[in-house]
Visitor: 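Pasting in a structure now, in structure tokens, and then I'll have a few things to ask.
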Amino acid sequence: MPSATLSRKEVSKHDTEEDLWVIVDHKVYDLSDFVDAHPGGSVVLTQVAGQDATQAFYNLHRHEILQQYSKLCIGVLDNELPEVIDPQPGDLSRVPYAEPLWLAPQFAQFTNQYYKDSHRRLQKAMRVFVEVHVTPEAKEKEKDGTFISQGLIDKMAEANILAMRLGPGKHLHGRVILGGGVVEGEEFDYFHDLIVSQELTRHGQRGFQDGNMAGMTISLTAVRQWLNNEKLRDRITEEVLSGKKKMSLAITEAFAGSDVAGLRTTAEVSDDGQHYIINGTKKWITNGMFSDYFVTGCKTKKGFSVILVPKTEEVEVKLIKTSYSTAAATTYIQFNNVKVPRDHLLGEEDNGFKVIMSNFNHERWMMSCMVTRWTRTILTDCLLWSHQRHIASKPLIAQPLIRHKLARLISLVEANQAWLESLTHQMNGMTYAQQSVLLSGPIGLLKAFATRSAHEVADEATNIFGGRGLTVGGMGAKVEMFHRTYKFDAILGGTEEVLMDLGVRQAMRFMPNAKL
Ligand code: HEM
């Protein structure tokens, strides 16, 4: 911050379009050379030239604009101090409900049954990493639609963030996480996993969020668990976790969504019995454009099988445009006589349903982590906006109707986080196989409830923001993005209808012979 101290009287002398100073939060900005470039035009700036424009500024801009344009600041007012919090990378928000309860600064003095010191250290390190390295690229890529850079992948690989995204397991043992001293790979549990997922979501750039190795996160888990050839499994794990190779999950087709029975891609055993010959198409494959491996669902002789297919010339990829950014690299794939060694099979031949179903658990749980965190980000924007937006000299929050809407949003966000933490606690005490039997129903119900909540949050947040909730960029940028793209979470990994049905059917498997 410039050290010059200036008086309000001095500022008031710079009140023309050619010589234009304004005060925002006790700091003085020289906008003389910026007037013509100002996206809001010169007229509005001339109207406040030489004056304190704090309220006008915060009615129309996000605070981050001041950070971006900090070079325009020429000094502070004599004997006055800035009052608005200027968040720095890694900071926790003091806005009520902006952080989950265990993390909220107001609750810092109380212990929490789920989170230990290593969770707090990991959260801190992840927040700094994401805000410094991920968020700037996320914003850029979301806009221009290009794919994640190898530079960022390398940084995440080096910090072992890619490895953490698979969840707890042997693949983390001995790894130095985020430079060391944060959490040991051996003690990494599902609460650490939850933190990684939630911190990676806070930037709110939905297409990039999926472009950021989501394909790997939902497919390498299956390879780790089910690829029978251990040597191959470990080589591929290393290639992918080091960021050198990329992977995606290729199940859905134009002919069938999550309805595995309707898939048409075939894998036939070659005449010499050593290979599968794969033919068919896949659609909506996240990260497919830059993947080197595809964990692919195929029809085999007597059923359905999952096969790891390396990218070759016989695998053709085409970009699909969806309502979020092409940064997600959503892909249409054609397999045209692709020859794959038979040891690339996951699990047993014709028994791939088991592979897919057990793999879904972590994916759906992770999506619940993410969408719950994202709804909290939207709630935070709504709370901030209701405070800083003034209508007829009163903040929006002065209206009972707005407070009522906020109460509903808070309740939904907190309910989802609490349910998520309760299931995460259960996961920590279970094996992968136990989770498959006992938790696939509850996790399915949680994801469906989280995305139903997102639906309501998107609706109410857009109403609170009005026109700004419909504008790409500006005050309502996050709300607009959320409203346009929250449905991805409601559909990817299983639709709400399918998951709700699954949840109740799973519960019925444990129904005793009880009577009313
Ligand atoms: C430090 C001083 C300022 C800077 C750096 C600045 C910068 C910007 C930027 C970057 C935008 C585009 C926002 C976006 O799309 O995200 C914008 C929009 C705008 N600005 Fe400023 N601005 C400043 C002061 C002001 C003041 C004092 C006023 C009014 C009195 C004003 C009025 C507007 C208006 C009306 C818009 C368009 C907002 C909309 O479309 O909703 N600006 N400004």
Side-chain angles (χ1 to χ4, degrees), residues 1-6 8 10-77 80-87 135-136 138-144 202-206 208 325 377-378 380-382 384-393 395-396 461-484:
M1 190 163 66
S3 52
T5 50
L6 301 153
R8 285 184 180 260
E10 171 66 25
V11 175
S12 67
K13 291 179 194 155
H14 303 269
D15 61 351
T16 64
E17 192 171 335
E18 292 72 35
D19 178 16
L20 199 162
W21 291 10
V22 293
I23 299 165
V24 180
D25 188 27
H26 309 276
K27 292 187 197 168
V28 182
Y29 292 83
D30 180 354
L31 305 183
S32 314
D33 293 334
F34 176 65
V35 178
D36 293 337
H38 179 230
S42 59
V43 176
V44 281
L45 291 185
T46 314
Q47 284 167 353
V48 291
Q51 300 169 34
D52 192 325
T54 307
Q55 186 163 326
F57 182 86
Y58 283 112
N59 245 342
L60 298 156
H61 312 73
R62 300 181 73 90
H63 178 77
E64 66 201 36
I65 300 276
L66 286 184
Q67 295 179 318
Q68 278 163 22
Y69 289 88
S70 59
K71 279 196 183 137
L72 300 175
C73 181
I74 54 168
V76 281
L77 288 177
E80 295 185 42
L81 287 174
E83 290 170 5
V84 177
I85 294 172
D86 190 35
T135 306
K139 287 182 178 167
E140 182 194 318
K141 302 285 181 185
E142 188 74 32
K143 238 187 223 156
D144 70 16
R202 288 180 66 257
H203 57 63
Q205 309 297 316
R206 188 61 185 85
F208 180 83
S325 171
T377 313
I378 298 303
T380 310
D381 271 25
C382 289
L384 287 166
W385 176 244
S386 315
H387 266 263
Q388 77 194 62
R389 175 65 170 169
H390 283 70
I391 293 177
S393 310
L396 267 185
T462 310
N463 284 346
I464 291 172
F465 270 77
R468 284 181 173 76
L470 304 173
T471 312
V472 179
M475 301 300 281
K478 287 189 188 172
V479 171
E480 186 281 332
M481 169 89 67
F482 185 68
H483 192 260
R484 175 161 44 90

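All values below come from the heavy atoms of this structure, side chains included, with hydrogens, waters and symmetry mates left out. Numbering of ligands and ligand atoms starts at 1, following listing order.
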Visitor: Would you say Q67's side chain and P87's backbone share a donor-acceptor pair under 3.5 angstrom?
Guide: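 Looks like yes, one N/O pair under 3.5 Å.
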Visitor: Quick one: does S42's side chain have a donor or acceptor within less than 3.5 Å of a partner on D36's backbone?
Guide: no
Visitor: Could you verify whether a donor N or O on one side chain and an acceptor N or O on the other, from H390 and N59, lie under 3.5 Å apart?
Guide: no
Visitor: In a check of side-chain contact (heavy atoms from CB on, under 4.5 Å) between V22 and each of L45, V11, L31, which one passes?
Guide: L31
Visitor: Hey, what's the ring geometry for F208 with H203, parallel, tilted or perpendicular (30° and 60° as the breaks)?
Guide: perpendicular
Visitor: Once you restrict both partners to nitrogen or oxygen, which atoms of ligand 1 have a protein partner under 3.5 Å, and how far apart are they?
Guide:
unit_1: ligand 1; atom_1: 16 (O); unit_2: G474; atom_2: N; d: 3.2
unit_1: ligand 1; atom_1: 20 (N); unit_2: H38; atom_2: NE2; d: 2.7
unit_1: ligand 1; atom_1: 20 (N); unit_2: H61; atom_2: NE2; d: 2.7
unit_1: ligand 1; atom_1: 22 (N); unit_2: H38; atom_2: NE2; d: 2.9
unit_1: ligand 1; atom_1: 22 (N); unit_2: H61; atom_2: NE2; d: 2.9
unit_1: ligand 1; atom_1: 42 (N); unit_2: H38; atom_2: NE2; d: 2.9
unit_1: ligand 1; atom_1: 42 (N); unit_2: H61; atom_2: NE2; d: 2.9
unit_1: ligand 1; atom_1: 43 (N); unit_2: H38; atom_2: NE2; d: 2.8
unit_1: ligand 1; atom_1: 43 (N); unit_2: H61; atom_2: NE2; d: 2.8

Visitor: Just by distance, do the side chain of Q388 and the backbone of Y58 share a donor-acceptor pair under 3.5 Å?
Guide: yes
